[in-house]
Structure formats: structure tokens, C-alpha cells
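Naming: A, B, ... by sequence-line order, numbering from 1 per chain.
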2 protein chains.
Amino acid sequence: MTDEKAGPRSRRERPAKAALTRSGIVATAVELMRAEGLARVTMRRLAQELDTGAASLYVYVRNTAELHAAVLDELLGAVDLTPVKETGDWQARLTQVLQSYTAMLLDYPGLAQSALLARPSGKNYLRLIESLLALLSEGGVPKGQAGWGIDLLLQFATATAVEHAGSESAGEWQAAVDAVRTVSAETHPRLAEQGDDLFAGPGDARLEWGIRVLINGISSTPREGTSL
Amino acid sequence: MTDEKAGPRSRRERPAKAALTRSGIVATAVELMRAEGLARVTMRRLAQELDTGAASLYVYVRNTAELHAAVLDELLGAVDLTPVKETGDWQARLTQVLQSYTAMLLDYPGLAQSALLARPSGKNYLRLIESLLALLSEGGVPKGQAGWGIDLLLQFATATAVEHAGSESAGEWQAAVDAVRTVSAETHPRLAEQGDDLFAGPGDARLEWGIRVLINGISSTPREGTSL
DNA sequence: ACCTGAACACCGTTCAAGT
DNA sequence: ACCTGAACACCGTTCAAGT
């Protein structure tokens, strides 16, 4: 585009085939995921996008799992942390951050799975952890409980996204509902009684209730006396 | 082996190649998983074990996901539900059941992933749900909270197993620990302060604390007023 | 109805060889 | 040092054809 000043002889228009770099690879992977979903972000497909062979990527990325982890951290940059610096009920602000985190994962089915497997350690992940710790600290939650508690909160949000992601499940979900509905009141009295309510409710109400359950539990459950 | 009485002409010794049935397929899949791990339970590998072609399996099983779900329900039969009928602290008994569930999943890395995706609906899954509902009911937990609560409890146990399963992570986990340890106290004061404790503690102490957090939260968090 | 071979459209990862 | 083609060892799923 800025070609006029380019210099003598103009060096070959083409796709330019920018030199490979780790960050270039990751950026292309993010693009590809936005366009076609994480399932398509394979070493081979990505290499094709970068106009090279799959083998070349292994210079910059250990394997597919590491690639997906890098993509995840990139996306984590989009989580809205502004509630952290605001004033007002800390529980409500914590809930907002977690909802933003969950919404991001729900936009990219499949990525949530990586998040559960990956023990991420990128810079955006660290920012998120720091923010959650700050909020729990503001709420007066003892440090030990806060430290283990953020793991619970993130795990819950992530697992919720994984479940929804797996939902090509119009069918599979119906099967589960039907199975519960068909159950005999003799053998499964409580299941028969509660039935539908087990699955009822919009996802966001369940997410919000779950977050409240965790905040309450984390705040009120000491870590000592861990021996049942 | 009981060949003497077998009948006239003895019908071809060989592997016998028992006719395909859904339950035979699932049983073989379970065997194969125990021997080689879930990753090896593929349509092609399983077909090979059954001395047929992969295409033949599609008469009995919709796809790989359904196959894995069937294997999961089979394994769910091994969860120890005896604490349900005993007497004594309901919370302790609930914890025992969940620990048994988690231990089973930890034995078979990869299966936990299916559990999170699968919305299972097999008979052993229904028994488990019924048992958990019974215990929460015994504890006087309101029905609405109990119904949504079991989802939280199972999701937590399952997600914990998924995380540990992903742990070929001697390396990946170290990377995460190091990342937190290297963090600047300027930009991430709480992370720098808490540091190691985030990752500390044996898995079972964390599991047990998590279960307690959830039980406490579920018991004390009403479902109405779900609007933050 | 059930079973099959063959095909289609893919994978991750390694490695010897080149530049 | 970086990059590549080719190879190895696999996948899930469909479908026409057979029994």
C-alpha cells in the first residue's frame, strides 16, 4: 500500500509472505479461529494460511496444545476488567468480570476446553487473576480462601462454557431431559418429583446463581480443618 | 474352552467373532479403554478389535461422542453409592460419593472430558443424580437449590478430573508456577504476595475444600432474587 | 437388515535434506 | 538457524455394493 516510497525496483508485490514469527503465527491463528472456529486451527490448516508447510511452525510452537493456549491468552485480553476499578458492591463487580469472561468463551466454542486443560500462564491470564484477587480482598475474604477460591470461580465459568460449547446438543440435551422425564417414581422418587427443574432456567440465571453460590461458599468456608 | 460338549463337528474354534451388538461393542470399548486409554478408543481401532470394519459400527452407534458417552455410563456403575444408605453426617457422606466419582474419572483421563460435554443420560448417571438429591434433601436443602446444586457439584468434580487429566503437565504446570513467581510486585501486587499458595496443596485437600464450599454455598444461597 | 471395502477429506509430528 | 517436502502413522464418516 505505501508503495511509492518503497525504494528502487519495488520488491515483489504478492502476498509478501511475511517472515514467520511466533506472534505472527498466533495472530493468524486468532484470525483463523474467528473466521472458522477453533476446530479448524490445526497446524496444517494454519500453515496453509501462512503459505508454508506445517513442519515450519514447529520452530515457533511446541505443539497444537501450546498454540491453542496462546490463542486463548490473546482472547483473554478482551475480558472487561473495568468493573475492578469502579466503586460499589464488590460481589456485583466480581460477577460482572466473570460474566465477561464466560461470554468471551461462549463466543468461541472449543476454546473453553483448552482453558480447562491448559493451566494458562500468559500475561492476560495473570491480569485476570490479579483482578479477581483484588476484588475478593476488597470483600474481606481471607487470603487462603481467596487464592483457592479464584480457581473455583474460573473453573466454574470455564466449565459452564465448555458445556454450552458442546451443545450441538439440541438432540443430546433433549435425550437427557427425556431420560429424566421417563424415569420411574418407584426407583427414582426425587428425580421423578423434581424432573424438569433440574434443567430449567436460562443459562445466565444459572451462571449468576452459581457465582453467588461460590462467592458465599468461598467467603464462609475456612481452609483449616480440611480433614473432614 | 468348554469345547468337549460343544456339539457335532465343533463350529470353528477361532476368535468366534461374536455377532455385533451395541452392548458388545460398548463392552469391548470399555476393555480397550482400560488397556490403552480413551484416546485409543477410536472407531477404527475398536472395529479392528472386533474384527470388522469401522463402517459396521455405525449401525449401532451414532458417532464417536455417543460411543464415549456409553463408555462413561458404564464406568459410572463403579461409583460407590453405599454412603447414601448409611447414617451419620450427610455432608460427609455426600463428600464420599463425590470423591468416589472423582477418583473414577481420574483413573481414566480423557473420560472426564466426555462427561463435561456429554450431558449424560444413562442409567448409572440417573442413579447418581438420584443419590445426590437424596442426600441434599436429607440435609434440608430446599429443592430448587438442590436441583441446580447437583449440577454444580458434578461439574466441579468433573472439571477437577479434566484438569488433572490434562496433566502430562509436569512442564505446563511448572510454566504456570514460574509465570506467577516471576510476576512484578508493581503491576501484580497480590499475585506477587500470594504467589505459590495459589497452586499449593495436595489435590485431595483442594477437592475436599471445594466440595465444602459448594455445599455451604448451595445451602445458603436462595434462588429467588436472582437479579443481582 | 446388516455388513463391507474403498474412498474422501482430513489430522500431528518427525526427519533428512536443503538454504 | 530456519525452512521444506515427504513420510509415518493415524483419524471420522459416508456410500455403493454385496449378502
Participant: Can I get a per-line list of side-chain donor-acceptor pairs under 3.5 Å for residues 106-117 of chain A, giving both atom names and the distance, sequence neighbours left out?
Facilitator:
{"from": "A/Y108", "atom 1": "OH", "to": "A/R34", "atom 2": "NH1", "distance (Å)": "2.9"}

Participant: Specify the closest pair of heavy atoms between B/A29 and B/V71, including all atoms of both residues, with the distance to one decimal.
Facilitator: CB-CG2, 3.7 Å
Participant: Roughly how far apart, to the nearest Å, are D/dC10 and C/dC8 at atom P?
Facilitator: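 It comes out at 22 Å once rounded to the nearest Å.
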Participant: If I take atom CD in residue B/E66 and atom P in nucleotide D/dT13, what distance separates them, rounded to the nearest angstrom?
Facilitator: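 One finds 11 Å between P of D/dT13 and CD of B/E66, rounded.
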Participant: Only stems of 3 or more consecutive Watson-Crick or G-U pairs count here, both distances under 3.5 Å; name the ones for DNA chain C, or none.
Facilitator: C:4-8 with D:12-16, C:12-16 with D:4-8
Participant: Please list all pairs meeting side-chain hydrogen bond (donor to acceptor under 3.5 Å, both in side chains) that have one or both residues in residues 68-84 of chain B, counting only residues at least two apart or in different chains.
Facilitator: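 Every side-chain hydrogen bond (donor to acceptor under 3.5 Å, both in side chains) pair that includes a residue of residues 68-84 of chain B, provided the two are not neighbours, is B/D80-B/T82.
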Participant: Applying side-chain contact (heavy atoms from CB on, under 4.5 Å), name anything that partners B/A47, two or more places apart in sequence or on another chain.
Facilitator: B/T52, B/A54, B/L57
Participant: Is any side-chain heavy atom of B/V213 less than 4.5 Å from a side-chain heavy atom of A/V213?
Facilitator: no
Participant: Measure from CG on A/L67 to C1' on C/dT13 and round the result to the nearest Å.
Facilitator: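 Spelled out: CG on A/L67 to C1' on C/dT13 is 14 Å.
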Participant: Between atom CG in A/L20 and atom P in D/dT4, what is the gap in whole Å?
Facilitator: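 Roughly 7 Å, once rounded to whole Å.
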Participant: Check the distance between D/dC3's C1' and A/L50's CG and give it to me in whole angstrom.
Facilitator: 13 Å
Participant: Would you give a per-nucleotide map of nucleotides 6-12 of chain D, 5' to 3', where B means the base has a protein non-hydrogen atom under 4.0 Å away, S means only the sugar-phosphate does, and - means neither?
Facilitator: -B---BB
Participant: For residues 21-28 of chain A, which side-chain N or O atoms pair as donor and acceptor with protein atoms under 3.5 Å away, sequence neighbours left out?
Facilitator:
{"from": "A/T21", "atom 1": "OG1", "to": "A/G24", "atom 2": "N", "distance (Å)": "2.9"}
{"from": "A/R22", "atom 1": "NH1", "to": "A/Y60", "atom 2": "O", "distance (Å)": "3.2"}
{"from": "A/R22", "atom 1": "NH1", "to": "A/E66", "atom 2": "OE2", "distance (Å)": "2.5"}
{"from": "A/T28", "atom 1": "OG1", "to": "A/G24", "atom 2": "O", "distance (Å)": "2.9"}

Participant: Looking at B/S131 and B/R127, would you say the former's side chain and the latter's main chain have a donor-acceptor pair under 3.5 Å?
Facilitator: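 Yes; at least one donor-acceptor contact below 3.5 Å.
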Participant: Let me know the distance between CG of B/L46 and C1' of D/dT13, rounded to the nearest Å.
Facilitator: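 About 15 Å, once rounded to whole Å.
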Participant: Under 3.5 Å, is there a donor-acceptor pair between the side chain of A/S100 and the main chain of A/Q96?
Facilitator: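 No: the side chain of A/S100 does not pair with the backbone of A/Q96.
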